[in-house]
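A, B, ... follow the sequence lines: proteins, then strands. Residue 1 opens every chain.
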Amino acid sequence: MNILPSHWYNIVPDLPKPLPPPRDPEDDYIFSRIELLPKLFPSELLDQEFTAERYIQIPGEVLDAYRRIGRPTPLVRAVNLERLLNTPARIYFKREDLSPTGSHKINTALAQAYYAKKEGVQMLTTETSAGQWGSALACACAMFDIRCLVFMTRSSYIRKPYRRILMKLYGADVVPSPSDRTEIGRRLLMENQEHPGSLGIAISEAVETCMKDGSAKYAVGSVMNFVLLHQTVIGLETMRQLEEIGEIPDVMIGCVGGGSNFSGFIFPFIGNRLKDGDFKNTEFIAVESKASPKMTEGSYIYEHGDTAGYLPMLKMYTVGRSYVPPPIHAAGLRYHAAAPILSLLIKEGLVKAVAYTQEEVLEAARVFARVEGIVPAPETAHAVKQAIVEAEHCRRRNLKKTIILCFSGHGLLDLSVFEEYGTY
Amino acid sequence: MNILPSHWYNIVPDLPKPLPPPRDPEDDYIFSRIELLPKLFPSELLDQEFTAERYIQIPGEVLDAYRRIGRPTPLVRAVNLERLLNTPARIYFKREDLSPTGSHKINTALAQAYYAKKEGVQMLTTETSAGQWGSALACACAMFDIRCLVFMTRSSYIRKPYRRILMKLYGADVVPSPSDRTEIGRRLLMENQEHPGSLGIAISEAVETCMKDGSAKYAVGSVMNFVLLHQTVIGLETMRQLEEIGEIPDVMIGCVGGGSNFSGFIFPFIGNRLKDGDFKNTEFIAVESKASPKMTEGSYIYEHGDTAGYLPMLKMYTVGRSYVPPPIHAAGLRYHAAAPILSLLIKEGLVKAVAYTQEEVLEAARVFARVEGIVPAPETAHAVKQAIVEAEHCRRRNLKKTIILCFSGHGLLDLSVFEEYGTY
Amino acid sequence: MAMVSLSGAFRKRVLMVYLTAGDPYVDSWVIETLSEHGVDIFEFGIPTARPKYDGLTIKASYRRAIESGVTLEKSFQFIEGFRLRHKVVLTYFEYARSIGLERLMSYALNAGAEGVLLPDLLIDYSEDADVYVRLCKQYGFEPIFFITSSFPYKLISEVARLNPAFIYMGLMASTGTLLPITISRNISIIKSLINNTPLLTGFAISEPKQVLECIRAGADGVVIGSAIIRLISGGGEKQHIKEELRNYISSIKEALEAPV
Amino acid sequence: MAMVSLSGAFRKRVLMVYLTAGDPYVDSWVIETLSEHGVDIFEFGIPTARPKYDGLTIKASYRRAIESGVTLEKSFQFIEGFRLRHKVVLTYFEYARSIGLERLMSYALNAGAEGVLLPDLLIDYSEDADVYVRLCKQYGFEPIFFITSSFPYKLISEVARLNPAFIYMGLMASTGTLLPITISRNISIIKSLINNTPLLTGFAISEPKQVLECIRAGADGVVIGSAIIRLISGGGEKQHIKEELRNYISSIKEALEAPV
Ligand SMILES: Cc1ncc(COP(=O)(O)O)c(C=O)c1O
Ligand SMILES: Cc1ncc(COP(=O)(O)O)c(C=O)c1O
């Protein structure tokens, strides 16, 4: 069986309810974020954002790139973890950490770089803080030979040299934000030469760049439908891999920042349930950080997709885009909202959400690393924690459940977190 | 076809000449390093060191562990690199970087931890500087649930926090060397509390630990026959993978620190040439650093395997164990000698050796990362450099060679090197 | 003046034009010109301060209406003032609920409209869809449903089975805002789900070639709003605007009636 | 006294004992005791300052010999002094080459030895193996080859085809130094490569059960060196040592002759 799929899966036509469309703020009569979209995104991506099609062919070049970065990724059984927990449950993890930049982010970065290149875009620009997304995009741009400009919050630029170097090595132009490349950056630098920056500022700089430079487009690492779409390669592979070994998942678990890895992982399964009634007994569990508890404590309302408010409003579970989470290190989970499609599924009761603290998840990561040898990213550690909780539950009730977890990334470039938390 | 082999391949019975045995220094009438060996190494490993057997069964538990850390590893074609170089050559690379600690070192670490555990050894101890070996061992010890004590040179302990944290996360006891755990350590600390340490001192500490604590054994990351033996899993897989795609290698390339990844990669092929006359036209190229040019400029003499002189003397190409290489960052290639078996093959003209400077190889790594997306370890970058040289040669002569390179590890935890050398 | 039912309008391809009830630019001569030159259905928007799915052009039109003092009652008076082939009322369910859905329906009926379109009904208030359908029956309206390309296939088929006068498919994310969406693909997918239910397509349609694309993909007609509002609010002589409107509508009708 | 050729000794299982020519502990009564109790072949080492493959015991023995003034000539006088069933001379080729291989051979012949064993010949000087074989023929010696478990299969088969008196297989990395090596496996592999060529196994053999293991694996005899040297240099009464030697040799012979 060919594990790598030929099409991405768009769950939108199979949702239990219509996906609320993006909206502009009602009280802004001058500036339309929706009108801005074509300036920011390559056409084919916007088309995917609003397509009515269920299966979208993965272009040959993207398939090749997927193969070259190691797709299909293995689905591995965590035998040692099972043994340690003395659980009758079987735990599998889908190894998205095996990509060159260490996470699932490359799955959409490659697609975005490909479409941009195809449309003659000269440069992709984005913002990054911790750097997982920035480095995935830098890598993808290098592979499709397109320029890449990353605005990295100055604080991370200084504190996370490895990610910065990685991006530069891929040939990306990495600038600390606020920077002198944009008007907003120059203005903020005038006030404070050492301005630490913020994701909001970095996004503003990236967006300003696209507005001024018609040959530049903006790349986005999560939340948007097309990002989730590209990530379905994870779930489609997983489904075939489970078929091959004759397993039916009882529980599927993933961590949620914007929701792209988890969504890409579960949508094919939820989709099959919604269309054909398969996987009726499968539980889908989204795990977030207590530091940004949008799914467990947020509201399901229209909110800007970005902290800066340059992107349209989307109907999502959110803690509010101006919410400032306490400094946690699973930077990828600090995002204030959960992707619209995922939010809808939570609202409709198809996905359950749970939240953990940083301490709890780092301890779970430590346990996992010791027995399975692989260090989870702090983000991924949230999913690992939930898998352990489930497996322990199975032990107490003697349940032989099949637990599948999306192992979204490794923590090799985040190791300092473990030391800061004294987790060993 | 089953890519993961069931047996390791011992090339010794197929060598063109007898492998010179280890020796004690002739003028030492009191202390025998050979007598020390059983105190240092688990029995089965010593047995492998001197076995007359050609194929050695890989224990089931080790096979399982191999599978769990991602074996077989993929053999990938570097299409983009070929395109960039505009070469008619086909370039493949064997992805040993995909292991949890990022290099091939785990292949022997798992075997050593397994045999130690099996014999009731309570703890494995070793030295490390850059940390590739230390973290592979820490990971293996965690997986086989055996204690691990790593003496890390104090300078690296301070300058390479990520590797240190990684080892600790795996549950290893990591101490800066010189340490207060040993007599020699305490003595040196008395002289200088901030003693930066050296590999020699760290080895001495590890060896002293084994001599005092009968339940502790020493683990070694390269050079010894059994280490090379375990690494043949690389070449055996590669051979099957090449068969599957119908390729016959014209050039096989690997970098050489102690020689374990390169040897493990090529021995099955050279062995077939020696026993059956296959691969007659394959060139085997060992790449070293100009900073420690044992193969290209060293002598083929008896020399201690370790800088401290605790291990027996082996007949090897060496620049002398007291040679202090200029500070280069491919720490894994600073080793003063090439493994005895590999040295013999070089002496007999079956393997060709070349050397490059750090600048040259980092530039090659940069090129590779940009087109293929994967950042080579600084060590691996040496092999990449040679592959590029070969491919360029093929372009000039219009040769359709098949070039296979052993991609021994990724550079994600060595990224600072690129910045220090300004390589981007 | 309605000789046939709303759905009856779909015996040929249909042009529906959106205008905001009470926008000062929507002079009676504008409506007359449009009607004369072949607009089949007039869709009148009730001004609201929360135009969820509207782009800048229609938002501005709403604001003009409100600022010129148009109230709910006045906008229905406005609608009532024109005798036209077909009139439908558009407003957001959010607003309709706040004023009372029955009240809205009776206003619409009194104003001579044949239907009420609530674009956010199925999206944000799907639990109230039954009430809407029931009230339509009560007031003698054929229901009309608004959908987008992001609607579930199942729901689209379901609403088609409710025999609406037509289904209005929003092609873009908001009115008047052109995005690079392959509308032909989306239309033909939707069309395949609704059998013979009439399908009107709109949002950011301004050019004949877009109309052609819609028709060729299976739409039964198009809706034009922002393009007309831009035309009438762009300044210039009445005569000139009249001329422009005529030419414009003709070009659209031509595309609409082109053989496919 | 040699009634049969060296290879002829292998009609039964063979015990070879190593002693350093000129080690002060190697008294004539030691040799007589060993000979009386059934040692088949005596292997006399010529003292050298560079005992490549020797462990601490034999190294010390070499040093004692040199320190007591033993020269090349004196060591051969020593060897000549005993009339024994079979004598062979052992020295490193490195040393033999420095003094002249022919000279060594003629000394050995004169001393009544039947063969010369050069353990480093095939390892470090394989290009000189021909010379050795030629000189053996010239001096009427059957060649003897030293190999280890790390020898190429091909080379082992090759030297077996040269009809040596026997092949001496070093089981460990150096003399007298026991390592946890599965000798039975290594012996049977080597044995399978050499057909009927007699195989002596040595290095760190000290106990009867090791002898049994060698024999069972296919060896035709064993060599004991360090164990005997430790015994004679350990201090104690001559009578006591004699007794110990006798008991020891008997136990070894018993193991050696056990049915397999
Ligand atoms: C390893 C890893 N996992 C998970 C996430 C969360 O993002 P998402 O929810 O979009 O998958 C991130 C984001 O940076 C990440 O780097
Ligand atoms: C990635 C990598 N490659 C190569 C080497 C060199 O070692 P060897 O020659 O034993 O394979 C090392 C040693 O640390 C290493 O870490």
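A salt bridge between Lys168(B) and Glu419(A) is absent, with no side-chain N of the basic residue lying under 4.0 Å from a carboxylate O of the acidic one.
The candidate from Leu98(A), Thr101(A), Ile106(A), Val76(A) with the greatest count of non-hydrogen atom pairs under 4.5 Å with chain B is Leu98(A). Considering only heavy-atom pairs separated by less than 4.5 Å from chain A, the leading option among Arg163(B), Arg164(B), His410(B) is Arg164(B). The most heavy-atom pairs under 4.5 Å with chain B, out of Ile69(A), Asn80(A), Asp97(A), come from Asn80(A). By number of non-hydrogen pairs under 4.5 angstrom with chain B, the leading residue of Gly102(A), Ser99(A), Gly373(A), Gly70(A) is Gly373(A). Annotation: maximal heavy-atom pairing with chain A below 4.5 Å, among Ala369(B), Ala65(B), Cys139(B), occurs at Ala369(B). Comparing Gly171(A), Ala138(A), Ala78(A) by heavy-atom pairs within less than 4.5 Å of chain B, the highest count is held by Gly171(A).
Contact of Asp414(A) with chain B is made through the backbone alone, with heavy-atom distances under 4.5 Å. For Arg77(A), the part sitting under 4.5 Å from any heavy atom of chain B is the backbone (N, CA, C, O) and nothing else.
Across Met143(B) and Val371(A), no two heavy atoms sit closer than the pair CG-O, 3.7 Å. Counting all heavy atoms, side chain and backbone alike, Leu412(B) lies closest to Pro100(A) at CD1-O, 3.9 Å. Contact detail for Ser416(A) and Ile165(B): the closest heavy-atom pair is CA-CD1, 3.8 Å.
One finds the CZ atom of Arg83(B) at 10.5 Å from the CG atom of Asp145(A) (value rounded to the nearest 0.5 Å). The CG atom of Leu413(A) sits 6.5 Å away from the OH atom of Tyr162(B) when rounded to the nearest 0.5 Å. Distance check: Arg370(A) CZ to Cys141(B) SG gives 12.0 Å after rounding to the nearest 0.5 Å.
Two residues are said to be in side-chain contact when any heavy atoms from C-beta on lie closer than 4.5 Å; Tyr170(A) and Val375(B) meet this criterion.
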